[in-house]
**Student:** 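Just dropping this structure here.
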Amino acid sequence: MVLAALAAAAALAAPADVSRGAGAAAPRAIVIRHATLVPMDSERTVASQTVVVRDGRIQAVAPDGTIPVPADAILYDADGAYVVPGLIDMHVHVRTADLAAYLDAGVTSVRNMWGTTGLPAVIAQIESGELDGPAIYSASPGLDANPPSWPQTQIVEDPALADGVVAAQVAAGWRFIKIYNRLSPEVFDAIVASARQRGIRVVGHVPFAVPIAHALDSGMASIEHLTGYGVAVTTDSGASAANAWIHVDASRMPALAARTASAGSWNCPTMSVIEVITRSTDGPTRAAVLGNRALFVRALRDAGARLLAGTDSGIGYTAAGVSLHDELADLVAAGLTPYEAIRAATSGAAEFLGDGDEIGTIAAGRRADLLVVGRNPLEDVDALREPTLVMRGGAWHRRGAARAPEPPGQKDRAPRDVTRPHED
């Protein structure tokens with residue numbers, strides 16, 4: 001039932017695309033000073049830092065008092081607050097009505113998991129500044145067998161046709177090939193072989209007919225919702241994939257998690273959407289599903305397998321933006337440290353996207369996607385829930401408003417020399 005609900009959710013979403021641009025940048029430099037950075041290149045904070053942003057990028061990062069302020073700079077005094085890389089939700093279904101909500105919550109990039117033909121136009125509007133929204137990285141429409149579950153499903157039931165379908169997705173500019181539930185093992189293998197030859201990664205659901213071990217050996221780049229794993233650890237031989245997490249043998253988890261780590265496959269558990277979907281089940285069943293899935297997430301973490309934070313927002317269950325904070329809290333509850341959970345939505349996510357030089361960490365040359373929070377998120381991930389400020393592509397985002405070059409609440413004043421000590 002859980003898997004059926006997930007399936008029902010998967011493609012109601014609207015467009016997203018393949019872009020990595022920085023959006024409309026402020027024409028003047030912005031200087032954030034007296035900041036405590038959480039750079040996310042390791043588990044650390046760095047106090048008393050100045051960040052210079054110009055033309056949508058971080059131009060410089062240095063200790064307070066060591067670099068001059070550009071003459072045209074707009075100043076923002078963080079007064080010791082924490083500056084964190086913009087968050088990345090790694091499983092969404094983009095709707096234009098949700099774009100600002102992502103930014104409100106500090107989510108400056110998203111991975112869209114079901115491409116549609118309308119996405120390039122939406123991305124162009126975001127990048128031109130016509131729409132305020134996160135950067136969008138998108139998988140293709142889902143490749144599946146009949147009957148199609150969602151609009152624009154790419155039906156592939158003959159292995160001989162797989163290469164042509166994969167080639168079309170590559171030509172359309174999608175970043176990943178999305179696979180779905182009903183593919184046969186033979187078609188799955190043909191899709192994976194074609195994708196490997198064409199240099200594009202395969203992500204999505206492990207099809208019902210494909211064992212998780214085979215999916216791992218095939219080199220699936222990311223597995224969504226822990227699909228396939230439940231069947232491998234269930235003690236109920238008659239359980240469907242939808243009900244496999246109710247009764248499990250936890251002793252099977254460490255070896256399977258280690259195999260996942262060895263294969264190099266990432267997992268996006270989407271714990272927050274499962275929490276919502278299981279609210280309609282009876283108490284013991286819900287507790288078993290959530291508890292056993294969390295136990296396996298902990299096993300993946302302990303084995304060194306890589307994790308991504310995603311919410312499945314945009315399908316009517318989890319709210320855009322804010323649900324990523326629920327996901328981070330769920331990851332911590334499953335046994336990750338706050339740093340490990342945040343890494344799944346920043347530097348780790350950027351690494352998976354192949355954009356680690358652009359996003360996910362705070363360093364000179366990165367895109368200026370930043371958020372400011374009042375407490376140390378490495379002590380409590382809930383500190384990220386209420387960002388004081390969000391910057392996307394070098395421009396401040398105001399809640400419910402368009403981008404603005406000046407930090408909300410800051411007066412446009414003549415710059416003072418950052419080489420002088422903090423006087424307040």
Side-chain angles (χ1 to χ4, degrees), residues 19-39 46 48-87 99-100 102-104 106-109 123-135 357-374 387-424:
S19 178
R20 67 174 74 190
R28 298 167 59 186
I30 294 175
V31 173
I32 306 169
R33 58 185 188 166
H34 308 138
T36 303
L37 301 188
V38 186
V46 189
S48 303
Q49 297 292 296
T50 293
V51 180
V52 180
V53 173
R54 187 187 287 276
D55 296 328
R57 294 195 171 271
I58 299 172
Q59 187 177 70
V61 179
D64 290 335
T66 63
I67 53 174
V69 175
D72 65 344
I74 296 168
L75 302 185
Y76 174 71
D77 192 336
D79 198 22
Y82 294 83
V83 179
V84 186
L87 302 176
L99 294 178
Y102 287 113
L103 296 183
D104 285 350
V107 177
T108 56
S109 298
I123 293 304
Q125 289 177 301
I126 291 173
E127 297 308 308
S128 70
E130 183 179 347
L131 285 177
D132 203 15
D357 292 337
E358 283 281 302
I359 57 176
T361 54
I362 299 175
R366 301 289 191 270
R367 192 166 72 215
D369 291 357
L370 305 167
L371 56 147
V372 180
V373 297
T388 305
L389 293 169
V390 176
M391 176 178 281
R392 159 74 173 108
W396 296 108
H397 167 76
R398 301 176 193 255
R399 287 179 180 266
R403 294 169 185 258
E406 183 179 341
Q410 291 285 304
K411 295 180 179 179
D412 187 4
R413 59 188 184 277
R416 295 189 305 184
D417 191 351
V418 176
T419 59
R420 298 177 60 187
H422 188 7
E423 298 148 350
D424 311 80

**Student:** Checking side-chain hydrogen bond (donor to acceptor under 3.5 Å, both in side chains) for the pair D79/H34: CA distance, chi angles, key distance, verdict?
**Tutor:** CA-CA 5 Å; D79 198 22; H34 308 138; over 6 Å; no
**Student:** If the test is side-chain contact (heavy atoms from CB on, under 4.5 Å), which one of L370, T50, L75 qualifies with I32?
**Tutor:**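 Answer to the side-chain contact (heavy atoms from CB on, under 4.5 Å) test with I32 among L370, T50, L75: L370.
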**Student:** Of all the heavy-atom pairs spanning P70 and R54, show the shortest one and how long it is.
**Tutor:** CB-NH2, 3.4 Å
**Student:** Provide the closest heavy-atom pair for T108 versus G86 in the form atom of the first, atom of the second, distance.
**Tutor:** OG1-CA, 3.2 Å
**Student:** To the nearest 0.5 Å, what is the distance between OH (Y102) and CG (D132)?
**Tutor:**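 One finds 14.0 Å between OH of Y102 and CG of D132.
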**Student:** Looking only at non-hydrogen atoms, find the nearest pair between G80 and T36 and report the distance.
**Tutor:**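 Looking at all heavy atoms of both residues, the shortest contact is O-OG1, 2.9 Å.
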**Student:** Do the side chain of S48 and the main chain of D64 share a donor and acceptor less than 3.5 angstrom apart?
**Tutor:** no
**Student:** Please report the shortest heavy-atom distance between V390 and G106, naming the atom on each side.
**Tutor:** CG2-CA, 3.9 Å
**Student:** Measuring from L371:CG to W396:CH2, what's the distance to the nearest 0.5 Å?
**Tutor:**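 If I round to the nearest 0.5 Å, the distance is 9.5 Å.
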**Student:** Which heavy-atom pair separates G374 from T388 by the least distance, and what is that distance?
**Tutor:**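 Closest approach of G374 to T388, heavy atoms only: N-OG1, 4.5 Å.
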**Student:** Roughly how far, to the nearest 0.5 Å, is the CG atom of D72 from the CD1 atom of I30?
**Tutor:** 10.5 Å
**Student:** How many angstroms lie between OG1 in T361 and CG in L37, if you round to the nearest 0.5 Å?
**Tutor:**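 Answer rounded to 0.5 Å: 11.5 Å.
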**Student:** Can you tell if the side chain of I74 reaches within under 4.5 Å of the side chain of V31, non-hydrogen atoms only?
**Tutor:** no
**Student:** Roughly how far, to the nearest 0.5 Å, is the OH atom of Y76 from the CG atom of L389?
**Tutor:** 4.0 Å
**Student:** Checking R57 side chain against G365 main chain: does a donor-acceptor pair fall under 3.5 Å?
**Tutor:** yes
**Student:** Ignoring hydrogens and geometry, is there a side-chain-to-backbone donor-acceptor pair from T66 to A62 under 3.5 Å?
**Tutor:**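 Not a single qualifying donor-acceptor pair exists.
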**Student:** Provide the closest heavy-atom pair for R367 versus G393 in the form atom of the first, atom of the second, distance.
**Tutor:**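 Closest pair (atom of R367, atom of G393, distance): CG-CA, 4.3 Å.
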**Student:** Check for a donor-acceptor pair, side chain of D369 on one end and backbone N or O of R392 on the other, with a separation under 3.5 Å.
**Tutor:** no
**Student:** Please round to the nearest 0.5 Å and tell me the distance separating atom CE of M391 and atom CD1 of I58.
**Tutor:** 9.0 Å
**Student:** Should I126 and L99 be marked as a side-chain contact (heavy atoms from CB on, under 4.5 Å) after you check the CA-CA gap, both sets of side-chain angles, and the distance that decides it?
**Tutor:** CA-CA 9 Å; I126 291 173; L99 294 178; 4.0 Å; yes
